[in-house]
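Structure record follows, encoded as structure tokens.
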Amino acid sequence: MIEIKDLHKSYKMGNNKLHVLKGLNFSIAEGELVAIMGSSGSGKSTLLNILGMLDELDEGSYTLDGVPIKNLNETKAAQYRNKFLGFVFQSFNLINYKSAMENVALPLYYQKVPRKEREEKALKYLGQVGLKEWADHLPNELSGGQKQRVAIARAMAAEPKVLLADEPTGALDSKTSYEVMDLIQKINDNGNTILVVTHEEDIAHMCKRIVHLKDGVIVEDKMVEQVRAEQYV
Amino acid sequence: MFSRDNWKEIFQTIQKNKLRTFLSGFTVALGIFIFVALFGLGNGLKNTFQEFFGNDATNVFYLYPGRTSMPYKGYKSGRTIEFDNSDIKDINKNFAMFLEYSTPRIQRQDTVRFMNESNSYATQGVAPSHQLAENTIMMKGRYLNDSDIMSKNKYAVIGRLVEEDLFRGKNALGKYIDIGGSAFKVIGVFQDDGGDDEERIIFMPYTTRQLIEMNNDKVGQLIVGFKPELGYEGAMAFDASLDKFLREKKYINPADENGIYIRNVAEQLKQNQQLAVVLQLIVSFVAFGTIIAGIIGISNIMVFVVKERTKELGIRKALGATPKSVIGTILLESIFITTVFGFIGMIIGVAVLSSLGETLEDYFIKNPYIDMPVAIFATIALIIFGGIAGYIPARRAAKIKPIVALRDE
């Protein structure tokens, strides 16, 4: 599903060049649930942003579902993001003047799905995260965990090939974190490919594979025994 | 870009961001309102000036006889000059190719009576063409005609306010009034845009006035209307040759400033027109400035709006919004707000102007107005330029990398 070869990325900081990713190689197959771990500054968010086409790579190649992701213009990148990827952010990133249902329906708006169908689909996915009765509420009327579930519903609504989650539990307490991880595991159980960036050991162990980043290189890439989050909920 | 779905999205954004909508709308409405108001007041000022100068015919010379102050050809200085009937004939004969009309005007002040009402009015003995020189507008009855002049009829054409004063609202037509001891039949009532004094005048045939004054042939002033096609240069040449002709006929020293005086309205008109042009320029400048200020205002708001929405736009881009759709959303929203509030401001401005009417006449502003095409053009210009001004920040917003936009707090 995801194929990365010799990936380099550096940022310009004034006169200095900050080499963040120093030649990464790895691939993710369909249906995997992968945690990318590392301390802050290890380059894990940069990697996710490149995978999410939110940022561009300097060197190397990136293939997503057989499509080379290279030299995309903004319009093309937007279309690919819409078609291939779903995002879940640490800070939820819901649009605050739109109701939960409208937030979930937004990616479908950019897919030019008719309004009625959009709302039906949005309600369906809100139901899957258990928030059907909260459909008309604004984000500021929801708790942190509920917001993240709305964000997950939104990411799933476009039916993406890969779900990218950047510290999805970073702003949540541990109980809510496990609820969110439970949801992510269940989505993965249905065969969806998911990438989770985290620096929390317990969250990482709820995935099936852990890729350990340090100073821009992969120091460890191992399969793990998945801990089900269900038992903590 | 203009699908119903897009509009729903835009309406929702507008509805859910009332303060932002109101602030940007208010700026636009205020800009157009000030433009309309200023432009209208400028026009009102112009109206007043036009009224000062423009109510009488402008292709006219007024010839005033005076008293000589220099000796000439054996005549002493201090001699009183008078015009008489022969002067009219001579002018008509010698200047036929320049002349449109000519009329004498014998001005007197008389006590005028009707029943128990009496008052003192200016009376003017004139010929029929005097109506052209003064732009006298007949309300009822008729003006003097040539046969009145021939038969020296005791007919009077009275001003609107004379009728109001003496007849107390009753119809004066056909009634007889006493002017300085003689009975005159009222054959017409006129109005004049030149103000109240111009409507407290009584016209009579100049021959009748001469008859009353012991059948003399003196005519007081002469008023000469020339063909408008002469233009300014032609009028000035005619002025000079008329002056020369009369000085020769009346034996007045060519250098004598007091023997005869010709008031040339054409010259005043030229100054008047220059003043009007300057006024027009000032008005246009102010109007232009207001529109520019409005456009700058909209640009500022657009920059602010885009800044405020950076994170939202980042989210939208992460979810698959193309740059085109980002620009479209921002532009359509701003154009919609500008259009609605622009026309609201315009309508309020026009309404305020028309409600002002003559209330500001004391400040030399009369009937302020703005031509609807001008107002609409200004509004549309503001919308278009506002759109262009909005396009720049919108495009920049579309170019921001989503990762940068998402980091914005």
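Basis for what follows: all heavy atoms, side chains included, without hydrogens, waters or symmetry-related copies. Just so we're on the same page: letters track the sequence lines, and every chain starts at 1. The structure displayed is predicted, hence computed values, not measured ones.
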Is the backbone N or O of B/I315 less than 3.5 Å from a side-chain atom of A/N93, with the two atoms forming a donor-acceptor pair by type?
-> no
If you take all heavy atoms of [X] and [Y], which pair is closest and at what distance?
X      : Y      : value
B/S325 : A/Y110 : OG-CE2, 3.4 Å
A/F89  : B/A318 : CZ-CB, 4.1 Å
B/A321 : A/A78  : O-CB, 3.3 Å

Between [atom1] of [X] and [atom2] of [Y], what distance do you get to the nearest 0.5 Å?
X      : Y      : atom1 : atom2 : answer
A/N82  : B/R316 : CG    : CZ    : 13.0 Å
B/R309 : A/I95  : CZ    : CD1   : 8.5 Å
B/Q12  : A/S99  : CD    : OG    : 7.0 Å
B/L319 : A/R154 : CG    : CZ    : 4.5 Å
A/E74  : B/K399 : CD    : NZ    : 10.0 Å

List in chain and number order the residues that pass side-chain contact (heavy atoms from CB on, under 4.5 Å) with B/I296, two or more places apart in sequence or in another chain; answer none if no residue qualifies.
-> B/I292, B/N300
Set of residues satisfying side-chain contact (heavy atoms from CB on, under 4.5 Å) with respect to A/L163, sequence neighbours excluded | A/V88, A/A155, A/M156, A/I194
Contacting moiety of [X], where chain B heavy atoms sit under 4.5 Å:
X      : answer
A/Y80  : neither
A/E102 : side chain
A/L85  : neither

Just checking, any donor-acceptor pair under 3.5 angstrom between side chains of B/E312 and A/Y97?
-> yes
Under the side chain to side chain donor-acceptor pair (under 3.5 Å) rule, collect the residues that match up with A/T75, sequence neighbours excluded.
-> none
Within 6.0 Å of CD in A/E141, more than 12 heavy atoms from elsewhere | yes
Over 12 non-hydrogen atoms of neighbours within 6.0 angstrom of OH in A/Y11 = yes
Residues in residues 339-346 of chain B near chain A [non-hydrogen atoms, under 4.5 Å] = none
Which residue out of A/K98, A/Q79, A/M53 racks up the most heavy-atom pairs below 4.5 Å with chain B?
-> A/K98
